[in-house]
Amino acid sequence: MQVTQLPVHWNIERILDDLDEHGFTLIDAAYSEQYQHAVVGECLQHLQQFRQAAIQNGVVSDIRSDHILWLGPEFTIADQHSQTLLALAQQLNRAFYLGIKDVEAHFACYNAGEFYALHRDNPQGKNGRMISSVYYLHQTWQDDFGGQLRLQDKHGNWHIIQPQPNRIALFQSDLLHEVLPAQQQRLSITAWLRSDHSML
Ligand code: OGA
Ligand code: MN
């Protein structure tokens with residue numbers, strides 16, 4: 001079995017401290033430019049297969065308007081990100097006893113006007129999602145493009161996080177958050193570190 005290492009420039013101490021103190025952290029310039037470029041290519045190549053995220057079992061909700069594509073190991077480039085998150089999970093388990101066993105991930109595309117209203121990824125701690133992560137893929141982003149992640153930290157303070165390319169936002173899955181309407185195509189991989197095995 002190939003064991004992925006964490007990128008050497010990730011400051012694991014800071015990541016653990018931020019998560020402990022605030023319930024969230026940001027990792028900027030997360031990967032090499034070559035990797036970033038390759039993964040955005042893999043995402044764009046499959047855009048036709050993305051489906052409306054709000055439709056579940058044929059029922060449409062109005063909480064979100066983005067489009068998603070669930071990832072598996074056949075997405076060889078995106079899968080390297082999932083493997084890195086699994087390596088990170090080992091550190092999180094050691095520090096916080098989270099019992100993370102699995103990662104589930106999807107590409108997400110928000111076109112102009114699309115949003116995800118206020119929600120928690122794991123309301124009442126019922127679904128095994130411990131930590132949420134969003135890796136922003138688009139090649140450029142400006143502050144006036146909208147699409148910010150608005151997140152309430154574990155002390156109740158709100159933060160506006162810009163979806164900077166090559167940034168990873170990591171946060172406790174029980175925290176309240178939303179994606180403000182984007183004005184440009186906004187691409188990401190959302191992944192959850194789970195304490196159970198994903199249903200996929
Ligand atoms: C989600 C989510 C945040 C983001 O997919 O559940 O909250 O910044 N995404 O894309
Ligand atoms: Mn969410």
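Counting starts at 1 for both ligands and their atoms, in listed order. Predicted model only: the values in this text are computed from it and were never measured.
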Handout entry: Ring centers of F145, H138 separated by less than 6.0 Å
Key = no
Problem - Residues that S132 engages under side-chain contact (heavy atoms from CB on, under 4.5 Å), provided they are two or more places apart - result: D121, F171, S173, W192
Problem - Shortest reach to atom 10 (O) of ligand 1 by a heavy atom, considering only Q162, H177, Q148, R186 - result: R186
Problem - Contact (N/O only, under 3.5 Å) between D121 and ligand 1 - result: yes
Exercise for the section: Please state whether the rings of F24 and H159 are parallel, tilted or perpendicular, taking 30° and 60° as the class boundaries. Expected result: tilted
Handout entry: N or O contact, Y136 vs ligand 1, cut-off under 3.5 Å
Key = yes
Handout entry: For the Mn ion (ligand 2): the N/O/S atom of D121 at shortest distance
Key = OD1
Exercise for the section: For this output row, return yes or no: ring centroids of Y116 and Y110 closer than 6.0 angstrom. Expected result: no
Practice task
For residues Y31 and H81, establish whether the separation of their ring centroids is below 6.0 Å.
Solution key: yes
Handout entry: Close-contact set for ligand 1 against Y116 heavy atoms, below 4.0 Å
Key = 1 (C), 5 (O), 6 (O)
Practice task
For the residue pair Q36 and Y136, confirm or rule out a side-chain donor-acceptor distance under 3.5 Å.
Solution key: no
Problem - Identity of the N, O or S atom of H119 lying closest to the Mn ion (ligand 2) - result: NE2
Exercise for the section: Could you tell me which atoms of ligand 1, counted from 1 in the order shown, lie closer than 4.0 angstrom to a heavy atom of V179? Expected result: 3 (C), 4 (C), 8 (O), 9 (N), 10 (O)
Problem - contact_flag E178 ligand 1 heavy-atom lt 4.0 Å - result: no
